[in-house]
Number of protein chains: 2
Amino acid sequence: MRDYSDVQHPCGNCDFHDQSIWQPVSGAALPILNRGFDRLPLETSQILFEQGEENSGVYCVSRGLIGIRSCQDDGKSTLLRLAYPGEIIGFRSFMAGQPHHTEAQALIPSRVCKVPRHSVRQILNRSPEVLGRLADRCIQEIDRSHAHIIAAATRSNTERLSDLLGRLLQIHGRDCADGKRMYLPLSRIDLADLLGIRPETLSRVVARLLNDSAYSICGREVLLRG
Amino acid sequence: MRDYSDVQHPCGNCDFHDQSIWQPVSGAALPILNRGFDRLPLETSQILFEQGEENSGVYCVSRGLIGIRSCQDDGKSTLLRLAYPGEIIGFRSFMAGQPHHTEAQALIPSRVCKVPRHSVRQILNRSPEVLGRLADRCIQEIDRSHAHIIAAATRSNTERLSDLLGRLLQIHGRDCADGKRMYLPLSRIDLADLLGIRPETLSRVVARLLNDSAYSICGREVLLRG
DNA sequence: AGCTGAAATTGACGCCCGTCAAAGACTTCA
DNA sequence: TGAAGTCTTTGACGGGCGTCAATTTCAGCT
């Protein structure tokens, strides 16, 4: 399998330095969160934290792609969202003071920076305004979930797949002769899971994409024509 | 149309006094939010605030049922969630310092308590811990959205309608000889909107409900058998 | 290379949903 | 009471999705 761990956030070698995420407030305080803390390498499918597990801190995605998944009692699981490089995960559980309601899994070889719970507390005590920024993350999560619900109710599967590919290409698509090219960082199963459909149906949606859209997918290669 | 404005939160005549919502922290500070402020009566279909409108405060639902709706450019609208008596709305926009991303509309005759923006600020200055409780509301909103996404992906329309009826009956269903009875506080169009399906399809789902579930709907009357 | 198991595709089939259209029920107002 | 308009239901139809099953492709390992 092609190594995908070199795919990074556009800001370069940064970990946790993406200022745009913290735009509502000046961006000086949060990067200190990850300074000097462990940077865990994660293999594909490796679990970062499990559902029901006690919260032990927050994580910043440095490289790769993390899937946030919800597992139900009946064994069904749903991929709720993707966490791209530069994003923080685990803050919902941290802020609520509750065990994780979701599971975090590396979808490709990834790297995350772990900030232990007590360290986050220390930083919050020294810099109370950081709490407001974590709240901003919660708001962003609400908006994203709402967008997901709206898309599921009003857009076709082909449109939603196109939207997702567009977002992925925007983050780490590379220009090439034919347009924009990218290694697809999700398996068909994960992709179907994220769209809320079965893998067999996704297969047919992908096939239809060749006719209905500017995107084409062959295996793990995605191409935006034009 | 039958008057539904007498349907209240189980806690009685309270406005904004539902302690369970603020459980993570001791429940002394937030009820002061609504003390002495306007209590607006709302007719069915009346808009509380519109999408894109500047945030002018937060609202506490005292009676009735408020629908949180997202309107798209193409004219389509989606009912994202319901706000029951005892709940706060408008806090996402307040905390983000942004215009409202959604629209709030009374689905039945309702009553809300409006707390102006500057008053909320004053209260937050006097009682900084209230900010944490608003953050708890954000977290609850995330969890609810996630539950919505999971249900849409894994449960049938019949099941999701049953779930919704169960929740509504739990809040203001009245015991009767046959089981539990309730006036349905949503039109078929709103109900379909909330489930993400067309009204015609909902009509058939309702008809199927008689066979597949313990619920029966006739017009606006809901009955849980047993 | 060859084996093995998982992932991905393809086919067949039935059911459910979206769409368009029409009829029926209900509310509001005169 | 009657009329107008909206809400709701029902029907017909085509397409999309889920399910089951079989096949093919692919990645990892010896």
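Residue numbers start from 1 in every chain, and the chains themselves are labelled A, B, ... in the order their sequence lines are given, proteins ahead of strands.
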Choosing from [options], which nucleotide comes nearest the side chain of [X]?
X: A:Ile197; options: C:dT10, D:dG18, C:dG18; result: D:dG18
X: B:Arg198; options: D:dC17, D:dT10, C:dT19; result: C:dT19
X: A:Thr201; options: C:dC17, D:dT10, D:dG18; result: D:dG18
X: A:Glu200; options: D:dT8, C:dA7, C:dT9; result: C:dT9

Using atom [atom1] of [X] as one end and atom [atom2] of [N] as the other, report the distance to the nearest whole Å.
X: A:Ile189; N: C:dG5; atom1: CD1; atom2: C1'; result: 13 Å
X: B:Arg188; N: D:dT10; atom1: CZ; atom2: C1'; result: 14 Å
X: A:Lys76; N: D:dG18; atom1: NZ; atom2: P; result: 11 Å
X: A:Ile108; N: C:dA7; atom1: CD1; atom2: P; result: 17 Å
X: B:Leu209; N: C:dC16; atom1: CG; atom2: P; result: 14 Å
X: A:Arg208; N: D:dC17; atom1: CZ; atom2: C1'; result: 9 Å
X: A:Leu195; N: D:dG18; atom1: CG; atom2: P; result: 11 Å
X: A:Asn157; N: C:dC17; atom1: CG; atom2: C1'; result: 12 Å

Distance-only polar pair, side chains of B:Glu141 and A:His146, donor-acceptor under 3.5 Å: yes
Side-chain donor-acceptor pair present, B:Arg69, B:Gln51, cut-off under 3.5 Å: no
Backbone N/O of A:Val61 and side chain of A:Arg111: donor-acceptor pair under 3.5 Å: no
A:Arg160 and A:Asn157: CA distance, side-chain angles, deciding distance, side chain to side chain donor-acceptor pair (under 3.5 Å) verdict: CA-CA 5 Å; A:Arg160 288 160 59 212; A:Asn157 290 330; 3.0 Å; yes
Given DNA chain D, 5'-ward residue of the pair B:Arg204 and B:Leu186, judged by closest heavy atom: B:Leu186
Test applied, side-chain contact (heavy atoms from CB on, under 4.5 Å); reference residue, A:Tyr215; option that passes from A:Leu210, A:Leu169, A:Thr158: A:Leu169
Sugar-phosphate, base or nothing in reach of A:Ser156, heavy atoms under 4.0 Å: nothing
